[in-house]
Amino acid sequence: MWKTSSDSGISTACPVCGKFLIGDYDKGEVVCPSCGFVAADQAEDQGPEWKALDLEEKERRVRVGSPRTLSLHDFGLTTEIGGQMRDSHGKSLNPYMRNAVGKMKKWQTRIRTSSSEERGLSNVLSRITEVASILTLPRMVSETAAHIYRVSARMKVAKSKSIIGMTAASVYLSCRKCGVGRSLKEVARAAGVDKRTVAKYYRLVLKEVERAYVPPPSVDKYISKLVNTAKIDPKIERLALQLASKTNDTKISSGKAPAGLAAAYVYISSVLSGEHIPQREIAEVAEVTEVTVRNRCRELLDNYIIRQRLKPLMAR
DNA sequence: ATGGTTTTTACTGCGTC
DNA sequence: GACGCGGTAAAAACCAT
């Protein structure tokens, strides 16, 4: 789907911003010129509508093989010299050849990771894939994260910053760009970094590298994620989404944590559908407090007619 | 740095099973 | 009595200035 027409360089529309994707910047990447989104060339990895996976699926989703990737500092294209010391027919090499091959091997690694920047880059990129795999992010997200980091390294933004902090910031920004609902908290936890550090670096990268504001994932995304991770009845999800679409006033949502709002929608829906999931559980998976859930609920109930339908149910 | 806004922490009281 | 829920005050975190 993301095949590039090799001559013109123009391929498909960017799923994030709608602009046309350009085959290559300077490295053969397929990127969106306006938002920097990296198009993955694998169909199963298309992401904006991607939902959080539950645990069993996480296990199965581990990816194998080595497609050409931005996440390796040399794009995974170099040939390895094996360590078995055998020739192409499988015979052992004589001592002289062993010596020569050993030297070649040594030099190859030296050349490949020659400059300090390259060494740093390969380190960061492997960490990015590591963090991404902990969060079970689709490949597209880690690719975009890798691209973000490459650009920030090129622009010297990453200079004298904590490496792991920068990877977390890149991954987080990538999540937002791709519309994958991962909170800063989650990313920070997966990377094992202090949340505030990530936030700081994130802002920095946003200001210096990304010039545009990247909107956080919509409440819908949070609702879907919530329902999926908590294994809640899909009918509640539908109800919650309906509710959310009918009450998508900025008056209520602006400035509020979207996760809290999503939790409120899910909670109200669960009550309406007679399921009645405790606030505690919803608050836990949404990673907000019960208080926040309550506050959002109250605002929703105060401002909308749901109240009339909900009241009798709550009275019981 | 600062002040305004939102979230969290911690605690209390109420009704129900 | 444990549990779920609603409320509140004060602390903490967040954000724009």
Side-chain angles (χ1 to χ4, degrees), chain A residues 157 161-162 165-166 168-173 175-177 181-223 225-227 229-233 236 239-240 243-244 247-316:
Chain A
V157 176
K161 298 284 180 310
S162 130
M166 280 303 295
S170 306
V171 170
Y172 178 60
L173 174 57
C175 282
R176 288 182 64 150
K177 275 177 130 176
R182 284 303 201 282
S183 68
L184 194 123
K185 206 189 280 181
E186 288 172 280
V187 177
R189 198 193 304 130
V193 195
D194 178 38
K195 206 176 100 183
R196 326 172 91 198
T197 317
V198 184
K200 205 167 69 189
Y201 289 172
Y202 169 70
R203 249 185 291 265
L204 196 74
V205 174
L206 198 63
K207 202 173 72 176
E208 303 292 327
V209 182
E210 208 63 37
R211 328 203 57 190
Y213 170 70
V214 182
S218 62
V219 178
D220 295 22
K221 295 261 164 49
Y222 276 98
I223 291 174
K225 183 193 166 200
L226 205 62
V227 171
T229 50
K231 300 252 182 77
I232 298 170
D233 191 340
I236 292 177
L239 224 179
L243 242 46
T247 61
N248 62 346
D249 287 349
T250 45
K251 285 164 196 172
I252 289 185
S253 59
S254 76
K256 308 290 171 60
L261 200 55
Y265 279 125
V266 173
Y267 174 67
I268 291 173
S269 306
S270 81
V271 175
L272 284 172
S273 67
E275 202 95 354
H276 210 267
I277 300 155
Q279 293 177 359
R280 179 89 241 309
E281 284 178 38
I282 293 174
E284 194 182 323
V285 291
E287 310 211 272
V288 292
T289 359
E290 288 173 69
V291 182
T292 308
V293 178
R294 282 203 283 272
N295 288 338
R296 291 301 87 77
C297 279
R298 189 149 43 88
E299 287 160 14
L300 248 34
L301 265 41
D302 283 349
N303 291 7
Y304 291 99
I305 16 112
I306 312 162
R307 180 206 237 144
Q308 276 147 36
R309 284 194 283 157
L310 191 58
K311 255 229 174 111
L313 280 160
M314 288 189 121
R316 283 193 289 115

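Letters go in sequence order (proteins before strands), and every chain restarts at 1.
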When you check the phosphate oxygens OP1 and OP2 of B:dT8, does a side-chain N or O of A:Thr292 lie under 4.0 Å from one of them?
yes
Between N or O atoms, less than 3.5 Å apart, protein on one side and nucleotides 2-4 of chain C on the other: list the pairs.
none

Between atom CZ in A:Arg296 and atom P in C:dC5, what is the gap in whole Å?
18 Å
Any non-hydrogen side-chain atom of A:Leu261 less than 4.5 Å from a side-chain atom of A:Lys256?
no
Under a 3.5 Å distance rule, please check whether A:Tyr201 uses its side chain to pair with a backbone N or O of A:Ser162 as donor and acceptor.
yes
Quick one: side chains of residues 280-295 of chain A, donor-acceptor pairs under 3.5 Å with protein atoms, not counting sequence neighbours, listed by atom name and distance.
residue: A:Arg280; atom: NH1; partner: A:Glu284; partner atom: OE1; Å: 3.2
residue: A:Glu287; atom: OE1; partner: A:Arg189; partner atom: NH2; Å: 3.3
residue: A:Glu287; atom: OE2; partner: A:Arg189; partner atom: NH2; Å: 2.5
residue: A:Thr289; atom: OG1; partner: A:Thr292; partner atom: OG1; Å: 3.4
residue: A:Arg294; atom: NH1; partner: A:Gln279; partner atom: OE1; Å: 3.3
residue: A:Asn295; atom: OD1; partner: A:Arg298; partner atom: NH2; Å: 3.0
residue: A:Asn295; atom: ND2; partner: A:Val291; partner atom: O; Å: 3.4

Determine whether A:Tyr265 and A:Leu300 make a side-chain contact, defined as any pair of heavy atoms from C-beta on separated by less than 4.5 Å.
yes
Round to the nearest Å and state the distance from A:Ile268 atom CD1 to C:dG6 atom P.
10 Å
Is it the case that the side chains of A:Tyr202 and A:Arg176 hold a donor-acceptor pair, with the cut-off being a distance below 3.5 Å and no angle test?
yes
At under 4.0 Å between heavy atoms, which parts of nucleotides 7-17 of chain C does protein reach? Answer with one letter per nucleotide, 5' to 3': B base, S sugar-phosphate only, - none.
B------SS--
Rounded off to whole Å, could you give me the CD-to-P distance for the A:Glu290 and B:dA10 pair?
13 Å
Rounded to the nearest 0.5 angstrom, the CG-CG distance for A:Leu204 and A:Leu173 is 11.5 Å
Distance col, row A:Asp233:CG vs A:Glu275:CD, nearest 0.5 angstrom, shows 5.5 Å
Strictly distance-based, threshold 3.5 Å: is any side-chain N or O of A:Ser270 a donor or acceptor partner for the main-chain N or O of A:Ile277?
yes
